[in-house]
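The residues of the chain are indexed from 1 along the displayed sequence.
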Amino acid sequence: MSGLYLSEKASKARLREAEQARRNRAEIVRELSWGRVSRRDLIRMGLFTAAGALAPIRGLSPFATSVYGDSTKMPPSPLYSCKEFTQPMPRFDVLERYPIHYDGDDTPISCLNPAPTPDANQTMQPVHPALGGGYGPIEGRPPGDVWAHQHFKDFLPRYALEAWQAPCTTNYRYSPQVPTSLNCGIDPGHGMPLCFHRDLPIQNPNNVWTFNGTIPPKLVIGKYGEPLLFRHHNNLSPDVKQNAGFGRHTISTHEHNGHHGAENDGFTGAYFFPGQFYDYHWPIVLAGHFSMNTAAGDRMASTPDESGGLIQIPGDWHETMSTHWFHDHMFSFTSQNVYKGNAAMFNIYSGLDRGNETIDDGVNLRLPSGSLKSWGNLDYDVNLMLADKAFDRDGQLFMDIFNFDGFVADVMTVNLAYKPYFEVERRKYRFRILNASVSRFFKLALSDASPIIQIGNDGNLLPHPVTLTELDEQGIAERYDIVIDFSRYLVGDKVHLVNLCDHMDGGKLVGTKPVRDLTIAEALGGASADPCVGKILEFRVVRNPDLPDVSQVPPTLIPNPDLSNIPVARERVFEFGRDAIQTTSDPISSFIGPWGIAADQGATLAADFGRVSAAPRFGTREIWTLKNGGGGWDHPIHIHFEEGQVLARNGSAANVPEWERGRKDVYRLRPGGSITITMQFRDWGGMFMEHCHNTVHEDNAMLLRWEIDDGGTPFLRPLPTPIPTPQGVTFEAPTDILKTAL
C-alpha cells in the first residue's frame with residue numbers, strides 16, 4: 001500500500017518516523033478543533049501554506065516537538081487479525097416513532113418533555129462553565145418568527161423521534177425491524193459494542209460520535225402526509241477538548257434534501273451546543289403542496305394508510321421522494337463530524353413507493369420490500385452506507401486534515417462494518433446505497449458482471465429503470481437505489497459488490513477526484529494499490545424464499561414533472577474552483593479557502609454564511625449552470641431544499657446519461673465539466689446552502705448561502721444572520737449581498 005499510507009513492508013525506521021509525523025499533525029489538528037488556533041494563525045506561523053497544505057518543514061512548533069512536514073505518508077491502519085468477509089453486515093437501527101396526540105385546541109399531548117412548540121423554546125437553563133457559564137436557552141434553534149416552524153399548525157407532528165448525539169457506547173437497544181433470519185442471524189438483544197470488526201479494538205468514547213452513541217447507523221421511517229418532529233439532543237462534552245483531537249462539539253442537523261422550511265434544514269450557521277436540543281419539524285409534503293393538486297384529487301399523489309389503502313394528498317406526485325439521509329452541517333467542521341459518525345438515513349414511503357410488494361392497486365410500484373405491514377417493510381429493502389475509515393496505531397478512528405484537497409482513508413466499511421458479508425435469499429432485493437465518505441467516490445459492480453437495475457438517483461425514483469453491469473461513479477452524498485435479482489444464483493453461491501473507482505495516482509492516494517475507473521477484472525486482479533478498490537461486500541445466497549417473490553420493477557417508475565408551461569424567471573452561473581479570496585472578516589461567519597465559488601462571473605469567494613449570493617423569487621423557476629473551474633478536480637455539488645432536473649451536461653442534453661434523467665440533489669461536475677439544471681422555489685422560505693459535498697472542500701471553504709426571502713411575513717429581505725452562543729442566538733445584518741443576488 002502506498003500514497004497517503006506507507007506500505008506495510010516499509011522499514012521500521014520509516015514507519016516510526018511516519019507515526020511520529022502523524023502524532024505531530026494530530027496535535028495541530030487538535031488545536032484547530034479546540035479553537036485555540038485558527039487557520040490564519042498556522043499560515044502566519046509557517047505551518048500551513050496559503051493553499052492549505054502542510055508546509056514542507058521540519059522543526060519546532062508551539063504544539064509539537066518535531067513537525068515532519070515532509071513525512072506526508074501515514075502508517076497503514078492496523079487491521080490486527082481481522083479478515084475480510086468474516087463478520088455479518090448489520091441492518092440499520094430503526095429509531096422508534098412515538099405518537100403525538102392533541103387536545104381540542106391543538107395543544108400537543110406529547111411523549112417529549114418539554115412538548116414541541118412552533119417558536120424556539122427559550123426556557124433558560126444553567127450553562128456549563130466550560131461554555132462560558134451563566135444561563136442560556138434549552139433549545140438551540142434561533143428565536144423569533146423567521147426561525148419558527150413554518151405552517152406548524154397546518155402540519156402538526158403526528159410522530160416524534162428523539163436521538164442524542166453522544167460519545168460511543170455499547171448498543172443494548174438494537175431495532176433492525178426485520179427477523180433475525182434476514183439480518184445474518186444477528187441477535188438484537190445481544191449488546192453491540194462500537195467496533196468496526198469484532199477483531200478490532202472497541203472505540204474510545206471520544207473517537208466516534210454517533211446518534212445515541214451506538215452502531216449500526218440509524219434509520220428513520222416516514223411517509224407522506226404524516227409530519228414528524230425530530231428532537232436532536234447534543235449530549236457531547238461541553239469541554240471542546242474532549243474530542244480525541246478532531247471534530248467539534250457544536251452540531252447542526254441537515255435533512256438532505258428535505259422539502260421544508262430553512263429552520264429545519266440544518267443551516268450551517270444554526271448550530272447548537274452541548275446541553276441543548278433542536279426540534280426539527282419534517283412535514284413530509286409533496287413539492288407544490290400549496291399550488292398544485294390542492295384539492296388532493298389525484299390518486300397518484302397519495303400516501304398509504306394502515307390497512308392497505310391510500311390517502312390522497314395535495315402536491316405534484318411527480319415530485320415524490322424516497323431515499324434521504326441526514327448528517328451534521330457544522331460550519332467548517334462538517335467533514336470531521338460526519339466522519340466521526342454523525343450520519344443516518346431516512347426512508348420516505350408513498351402511495352407509489354409503498355414498501356409493500358403485494359398490494360396491486362394501480363398506484364403501488366411493488367418494488368422489493370416485503371408484505372407483513374401495509375407499508376414500510378424492510379425485509380428485502382436494505383440500506384447500505386459506504387464509508388472509508390482510518391485508524392491510528394491503537395486501532396482508534398483517526399482523521400488527518402492536512403491535505404485540503406480531500407481525505408481518503410484505507411479501511412473500507414459498509415454500515416460501519418469492515419468488509420462484511422450479507423446473507424440473501426434467491427429473490428430480488430432493493431438496496432439504497434449512500435456514499436457517506438468524506439472525499440472518496442465509488443463505482444460499483446457485481447464481481448460476476450451480472451446485471452444491476454438502477455431505479456433511483458439521490459432521493460428520487462427514475463422515470464424508467466436502467467439496467468447496467470457497472471453503475472456510474474457515485475459522488476459523496478449521492479444515493480443510488482438498485483435492484484439485484486439473486487434468483488439467478490444457487491444456494492451456496494457467493495457474489496461480491498466490487499468498487500472500481502481508483503483514487504491512487506502514481507503511488508499517492510488523492511482526494512480531489514477519482515483517478516481512473518478500473519474494469520471488473522482489473523479491480524479483482526489487484527491492478528490498484530488503493531485498499532478500498534476491489535471486493536467490499538460479500539453476498540451469500542443461503543436459501544430459497546419461504547414465499548414466492550411477487551415484487552416487480554415496472555418499466556415506468558416516476559416520470560419527471562412537466563415544466564413546459566412554467567416560465568424561467570432567471571438564469572445563474574456558479575463556478576467552483578481554487579484560489580478563493582475572502583472579502584469579509586466576520587470572526588464567526590467567514591472562513592478562508594483555498595476553495596471557493598464564483599457567482600455569475602464574479603470573483604471566486606471563500607465561504608461566509610453571512611453573505612447572500614443568490615435570492616430567487618418565491619414561486620418562480622430558474623436555470624442554474626454549475627461549472628468546474630478546472631484543475632482536473634471533481635466536485636459533487638449539493639443544492640439544499642429543492643430537487644433539480646438536469647437539462648444538459650457540457651451544454652448538451654445529449655450528454656445526460658439515462659440514470660441522470662430523473663430529479664437529483666447532488667450534481668457531479670466531472671473534471672472540466674458543467675451541468676445545467678432547473679429548479680422551482682415554492683412552498684417554503686428561509687436561508688439555504690449550496691456547496692461541494694467533498695466535505696473537505698466544503699469546510700475549506702466551497703460553500704455559499706442563498707435564500708428565499710420574499711414570500712411574505714415573517715420573512716425579511718435580506719434575512720438577518722444567526723450567530724449562536726450557548727447563552728442564546730443573536731442576529732446581525734448580512735456581511736455582504738452580491739450585486740447579482742437579487
Side-chain angles (χ1 to χ4, degrees), residues 22-39 41-42 61-64 123-141 163-170 194 201-214 231-253 266 268-278 327-343 391-392 394 396-401 587-588 591 699 722-730:
R22 169 154 64 178
R23 289 185 174 191
N24 292 332
R25 292 197 301 273
E27 290 185 51
I28 301 175
V29 174
R30 179 195 68 195
E31 299 296 325
L32 279 168
S33 72
W34 292 354
R36 297 210 305 200
V37 295
S38 69
R39 190 76 44 76
D41 293 331
L42 294 176
S61 85
F63 315 112
T123 302
M124 302 302 278
Q125 65 179 354
V127 173
H128 193 281
L131 296 171
Y135 289 84
I138 60 174
E139 184 175 4
R141 180 162 45 117
W164 289 258
Q165 205 67 35
C168 67
T169 187
T170 297
L194 207 154
I202 294 174
Q203 293 295 299
N204 293 331
N206 287 327
N207 286 79
V208 179
W209 295 340
T210 62
F211 291 94
N212 297 338
T214 60
R231 176 164 291 176
H232 193 184
H233 297 267
N234 187 337
N235 266 28
L236 300 174
S237 172
D239 182 357
V240 72
K241 298 186 294 297
Q242 300 301 310
N243 68 343
F246 65 99
R248 180 57 67 91
H249 65 177
T250 43
I251 54 179
S252 178
T253 309
T268 193
Y271 47 89
F272 59 109
F273 290 81
Q276 293 183 317
F277 66 84
Y278 194 124
H327 61 86
D328 181 61
H329 225 303
M330 172 63 198
F331 186 59
S332 79
F333 283 90
T334 296
S335 60
Q336 297 178 48
N337 286 354
V338 173
Y339 180 77
K340 284 179 84 84
N342 191 321
F391 306 134
D392 64 18
D394 299 318
Q396 297 298 310
L397 190 69
F398 173 82
M399 185 176 184
D400 191 322
I401 66 167
I588 303 299
F591 207 59
D699 287 343
I723 304 296
T725 73
Q727 291 73 27
V729 178
T730 59

**Message:** side chain to side chain contact (heavy atoms under 4.5 Å, CB included), that's the test. Do Y339 and N342 meet it? Break it down for me.
**Reply:** CA-CA 7 Å; Y339 180 77; N342 191 321; over 6 Å; no
**Message:** Can you tell me how far apart CE (M124) and OH (Y135) are? Round to the nearest 0.5 Å.
**Reply:** 9.5 Å
**Item:** Backbone N/O of H249 and side chain of N234: donor-acceptor pair under 3.5 Å
**Value:** yes
**Item:** Point-to-point distance, once rounded to the nearest 0.5 Å, from OH of Y271 to CE of M330
**Value:** 5.0 Å
**Prompt:** Roughly how far, to the nearest 0.5 Å, is the CG atom of N243 from the CG atom of N337?
**Reply:** 9.5 Å
**Request:** For N207 and A244, indicate whether the former's side chain and the latter's backbone hold a donor-acceptor pair under 3.5 Å.
**Result:** no
**Message:** Testing the basics here: between P724 and G269, what is the closest heavy-atom pair and its distance to 0.1 Å?
**Reply:** CG-O, 3.2 Å
**Non-hydrogen atoms of P137 and P726 that approach each other most closely** = CD-O, 3.9 Å
**Prompt:** Between Q727 (side chain) and L131 (backbone), is there a donor-acceptor pair under 3.5 Å?
**Reply:** yes
**Request:** Check step by step if side chain to side chain contact (heavy atoms under 4.5 Å, CB included) holds for Q276 and Q125.
**Result:** CA-CA 9 Å; Q276 293 183 317; Q125 65 179 354; 4.2 Å; yes
**Request:** Nearest 0.5 Å please: distance from the OG atom of S252 over to the CZ atom of F331.
**Result:** 12.0 Å
**Request:** Give the minimum heavy-atom separation between S237 and P274, together with the two atoms involved.
**Result:** O-CG, 3.5 Å
**Prompt:** Does the pair I251 and F272 meet the rule for a side chain to side chain contact (heavy atoms under 4.5 Å, CB included), with working shown?
**Reply:** CA-CA 6 Å; I251 54 179; F272 59 109; 3.7 Å; yes
**Item:** Short side-chain to backbone donor-acceptor contact, T268 and H329, under 3.5 Å
**Value:** yes
**Prompt:** How far does CZ of F273 sit from CG of L236, to the nearest 0.5 angstrom?
**Reply:** 12.5 Å
**Prompt:** Taking Q396 for the side chain and N204 for the main chain, is one N or O donor matched with an acceptor at less than 3.5 Å?
**Reply:** yes
**Prompt:** Checking N212 side chain against T214 main chain: does a donor-acceptor pair fall under 3.5 Å?
**Reply:** no
**Item:** Side-chain donor/acceptor of D699 to backbone N/O of S335, under 3.5 Å
**Value:** yes
**Item:** Parallel, tilted or perpendicular, as decided by the 30° and 60° cut-offs, for the rings of H233 and W164
**Value:** parallel
**Item:** F333 side, atom CZ; K340 side, atom NZ - distance, nearest 0.5 Å
**Value:** 11.0 Å
**Request:** Report the C-alpha distance between F211 and Q165 in whole Å, list the side-chain angles of each, state the deciding distance to 0.1 Å, and finish with yes or no for side chain to side chain contact (heavy atoms under 4.5 Å, CB included).
**Result:** CA-CA 5 Å; F211 291 94; Q165 205 67 35; 3.4 Å; yes
